[in-house]
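Below: the structure, in structure tokens.
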Amino acid sequence: METTAREVAIRAIEEHFARLRVGESSHQEHIYTEEEVRRYASRYDIPYPSVYVSAQGELLVPPGMIFLRPAATFGITAPDAPPQARLGIYTRAHRWYFKPARVGQKVLFDGEIFDLYERRGFYYLAVRWEAREEDATLLARGEEWHTLGFVRKVASPG
Amino acid sequence: MASGGISQRVGQEIVGEAKIARMPPDAAAVHDDRLARSAGLRGGFIVNEYHFAQITQMFLEYFGPNWFTHGEIEVRYIAPLLDGDTFIPKARVIGEEPPGSGRLVLELWCENQHGERVAIGRASCLAPEASSPQ
């Protein structure tokens, strides 16, 4: 039974992987609300607002919230997809910060796939992104490496 | 740029607060223990946002507001952090790059309760005394 579920998941991952293209892009907009930020702080056990207040007294978004989610953006998210094929495993992230995002401001994300590869039975996507204010001021940018799903393809015997 | 103070920081070790990592109740399937084991993983593991939240907190406390404007971080997740594990972010200042810039470079790692590294990486940021307009 487990083998069947694994095979179904692998097939879904391979089909999705074959459709992805380097250069495929996504644009997203997000407003970080105070409720959302406080939920994040509670969820991940960090004090808030604590150090997340500007010199002008504005509430700031914790930098760890600001990134483009590779698997949620380019991976398998359909609720009827095999659960082992959905989303995946974060393996690496590289991020740069240039200006804090304020709670309540609109943040514009632009991301694109810059690498796709298979390694040791996992299918990977690598995504590069930027987060900007509405006037195009750069807030942050990053690169993220993520597997498609979390089931490993097993090499055929022989 | 206050190079005397910066040179004194080289070699400093920063240790974040040790916390017990807990699985959010609405975590995605990859974090579900049964499903993760069925896929051949050691178990459902804590979302990477947890690591990032704790590491960022450590750096904000060390660098102050400069982290918002000059922070850089690279993290590789090398071992799963399981529900109930202790998580301790650590870093060591290894230099200033480029020399005289005021930007400190750090080696970064995160340990569990067994002293095993679950994440490793590198970070850099303008030193606290190398002030910058926000």
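Throughout, protein chains are lettered first and strands after them, A, B, ... in sequence-line order, and every chain is numbered starting at 1.
No chain of hydrophobic side-chain contacts below 4.5 Å, direct or via other Ile, Leu, Val, Met, Phe, Trp or Tyr residues, connects B:Y62 to B:V15. Connection of A:L59 to A:Y32 is established within a shared hydrophobic cluster, with ILVMFWY side chains joined at heavy-atom distances below 4.5 Å, either directly or through further cluster members. Note on A:V51 and B:I14: same hydrophobic cluster, where clusters join Ile, Leu, Val, Met, Phe, Trp and Tyr whose side-chain heavy atoms are under 4.5 Å apart, directly or indirectly. Linking Ile, Leu, Val, Met, Phe, Trp and Tyr whenever their side-chain heavy atoms come within less than 4.5 Å leaves B:F45 and B:W109 in two separate clusters. Residues A:W96 and B:L106 fall into different hydrophobic clusters, defined by Ile, Leu, Val, Met, Phe, Trp and Tyr side chains chained together at heavy-atom separations under 4.5 Å.
Put simply, CZ on A:R92 and CD1 on B:I120 are 10.0 Å apart, with the number rounded to the nearest 0.5 Å. Atom CZ in B:R122 sits 7.0 Å away from atom NE2 in A:H94 (nearest 0.5 Å). If you take CZ on A:F98 and CD on B:E72, they are separated by 8.5 Å, rounding to the nearest 0.5 Å. In this structure, the separation between NZ on A:K99 and NE2 on B:H70 is 13.5 Å, given to the nearest 0.5 Å.
Near-neighbour residues of residues 64-76 of chain A relative to chain B, defined by a heavy atom under 4.5 Å from a heavy atom of that chain, comprise A:G64, A:F67, A:R69.
Taking 4.5 Å as the limit, some side-chain heavy atom of A:Y40 sits within range of a side-chain heavy atom of B:E49. Under the 4.5 Å side-chain criterion, counting only non-hydrogen atoms from C-beta, B:Y77 is not in contact with A:I89. Two residues are said to be in side-chain contact when any heavy atoms from C-beta on lie closer than 4.5 Å; A:Y90 and B:H51 fail this criterion.
Minimum interatomic distance between B:A53 and A:I46 (heavy atoms only, all atoms of both residues): O-CG2, 3.8 Å. Pairing each heavy atom of B:F68 with each of A:V61, the nearest pair is CE2-O, 4.2 Å. Scanning both residues, B:Q54 and A:D45, for their nearest heavy atoms gives NE2-O, 3.8 Å.
Using bins of under 30°, 30° to 60° and over 60° for the plane-to-plane angle, the ring pair A:Y97/B:W67 lands in the tilted bin.
The choice from A:A101, A:P47, A:A140, A:P62 that makes the most heavy-atom pairs within less than 4.5 Å of chain B is A:P47. Between chain A and the options B:T56, B:I73, B:I78, B:I55, heavy-atom pairs under 4.5 Å are most frequent for B:I73.
Side chain to side chain, B:Q57 and A:Y48 fail the donor-acceptor criterion of an N or O pair below 3.5 Å.
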